[in-house]
Amino acid sequence: MRILVLGSGAREHAIILALRSEQTPHEIFAAPGNAGIARDATTLPLDANDPVAVADHVGTHAIDLVVIGPEAPLVAGVADALRERGIPVFGPGRAAAQLEGSKAFAKRIMDAAGVPTGRAIHARSTAEVETALDELGAPHVVKADGLAAGKGVIVTSDRAAALAHAEEYLPGGSVLIEEFLSGPEVSLFFLSDGDTVRPLSPAQDYKRLRDGDEGPNTGGMGAYSPLPWLDGRFGSEEAFVDLVTRTVAEPVIRQLDAEGTPFIGLLYAGLIITDDGVKVIEFNARFGDPETQVVLPRLVDPLSGLLLAAAVGTLEDVPRPAFAEATAVTVVLASEGYPQAPIAGRALSGLDAATAVDGVHLAHAATAERDGGLVATGGRVLNVVALGTTFGEARDRAYRAIGEISLAGGQYRGDIAARVAATEAG
Ligand code: AMP
Ligand code: GLY
């Protein structure tokens, strides 16, 4: 197939690497891509957020499937423009992407579908925020209603800080004040063709910047998959996945279809396992980053077949995707100043030594070629991804590899998959 992947992050690089690992070779294009993606795909100077530009290009270049990586093109209506021209596209249209684009929309869909989630109050003024904070009590959870790249959320017991965070988004916008939920978090992805859903294997993301879940929220600083500790709570990973498929994914997909906005693409359920059951914290309308970097390397079935089946509405004919038992750990290398004010333009080296470590590969995010070398061009620079037979092995490989990489001021967490590795050792 001729496949175009839109986006320029490590998630898109992971998707491209999965497509390349298939037995059947594909012609893979990426727009705009990055320095790492350029080694594995033909990059195109195309504005991925411009529906007309993308549709025109695809129409004249015999592309069989378009895979939309990030949320921005979805919300911009790129999938709609492609579908109007009859081009198979993996990614929801603008209306269904509101599941991610608007937290208030997502809450309404969940209520209508009877999906378990925390209580939330939609507030549009300081007075409404204050009433909601007092009604739901501390710790306070305040979320910007629109897209905020994982940075629009604050969780704090400090009422003044919660109010100040809300006030940043109130001019011209609104916020959700949510009930605080406590428990381990799980990211679970579902392929959807608008009607049928097929689950992938769960992963855990590390959202905070620093070890021990300290520091500000980020887009995600590391991840691992699978989650062996689900067995103790639910009997098996499969039992957990079945439960979430039945109580979360299927009702939401049915609700969106009933409203005339079918969801074709990747439904990302951000879940929290509370004493009161599994609840939804958020939905995204695309693959998670960095979770994709640990889920796709474990996928046994060819990714292209799954994405195409979702795009053309034949997921019902496809069995549930199978995953290898291997463990996968990814650690994100971020620039100094991330997430508030990342410093760009610094030299990046040691990548060959990193990939020389057994079981390790890299997924590039913000990298570019300059003067024959590589530079970091933004916040999350790249992911080291390591596979192993145990989490101890995968973790050891990932940290040996990242230790080979030099980036002045670079930051990464040292505790990714530490707890799960300690549990398996004991
Ligand atoms: P979100 O962008 O909605 O995924 O929120 C980012 C992070 O904030 C989540 O991964 C949680 O760690 C935390 N968070 C969000 N909502 C809640 C909640 N209702 N209760 C507790 N923590 C939350
Ligand atoms: N890792 C969180 C996200 O992709 O939104």
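Note that this is a predicted model, so its numbers are computed, not measured. Counting starts at 1 for both ligands and their atoms, following the listed order.
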Short N-O contact, [X] and [Y], less than 4.0 angstrom:
X      : Y      : result
Asp193 : Arg198 : no
Glu259 : Arg108 : yes
Arg400 : Asp396 : yes
Arg320 : Asp242 : yes

Output yes when the distance from some N or O of ligand 2 to some N or O of [X] is under 3.5 Å, and no in every other case.
X      : answer
Lys207 : no
Arg11  : no
Glu291 : yes

Is it the case that the side chain of Asn383 and the backbone of Val385 share a donor-acceptor pair, with hydrogens and angles ignored and the cut-off at 3.5 Å?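 Side chain of Asn383 to backbone of Val385: no pair is present.
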Counting distance only, does the side-chain N/O of Arg346 pair as donor-acceptor with the main-chain N or O of Ala376 below 3.5 Å?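 Checked: no pair found.
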Please list, in number order, the atoms of ligand 1 under 4.0 Å from a heavy atom of [X].
X      : answer
Glu185 : 9 (C), 10 (O), 11 (C), 12 (O)
Lys103 : 1 (P), 2 (O), 3 (O)
Lys143 : 3 (O), 15 (C), 16 (N)
Phe180 : 20 (N), 21 (C)

Does Pro290 reach ligand 2, in the sense of a heavy atom lying below 4.0 Å from it? yes
Heavy-atom contact check, 4.0 Å cutoff: does Phe287 meet ligand 2? no
Taking 4.0 angstrom as the limit and counting only heavy atoms of [X], give me the atoms of ligand 2 inside it, by number and element.
X      : answer
Gly219 : 1 (N), 2 (C)
Gly288 : 4 (O)
Asn284 : 5 (O)

Using the side chain to side chain donor-acceptor pair (under 3.5 Å) definition, which of the options Glu100, Glu291, Arg286, Glu71 pairs with Tyr268?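 When side chain to side chain donor-acceptor pair (under 3.5 Å) is applied between Tyr268 and each of Glu100, Glu291, Arg286, Glu71, only Glu291 qualifies.
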Atom 5 (O) of ligand 2: nearest protein contact (heavy atom, Å):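 Protein heavy atom at minimum distance: Arg286 NH2, 2.9 Å.
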In a table with atom names and distances, give each donor-acceptor pair under 3.5 Å that connects a side chain of residues 176-186 to protein atoms at least two apart or in another chain.
residue: Glu178; atom: OE1; partner: Lys143; partner atom: NZ; Å: 3.3
residue: Glu178; atom: OE2; partner: Lys143; partner atom: NZ; Å: 3.3
residue: Glu179; atom: OE1; partner: Arg119; partner atom: N; Å: 2.7

Return yes when Arg208 approaches ligand 1 closer than 4.0 angstrom through a heavy atom, no otherwise.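 The answer is no, since Arg208 has no heavy atom less than 4.0 Å from ligand 1.
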Residues in side-chain contact (heavy atoms from CB on, under 4.5 Å) contact with Pro32, at least two apart in sequence or another chain: Ser8, Ala48
Which option wins on minimum heavy-atom distance to atom 22 (N) of ligand 1: Val153, Thr117, Val155?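 Looking at heavy atoms only, Val155 sits closest to atom 22 (N) of ligand 1.
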Residue selection (non-hydrogen contact nearest atom 17 (C) of ligand 1) among Leu181, Asp213, Val141, Leu271: Val141
Angle between ring planes, Tyr224 versus Tyr206, binned at 30° and 60°: parallel, tilted or perpendicular?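 Answer is tilted, since the angle falls between 30° and 60°.
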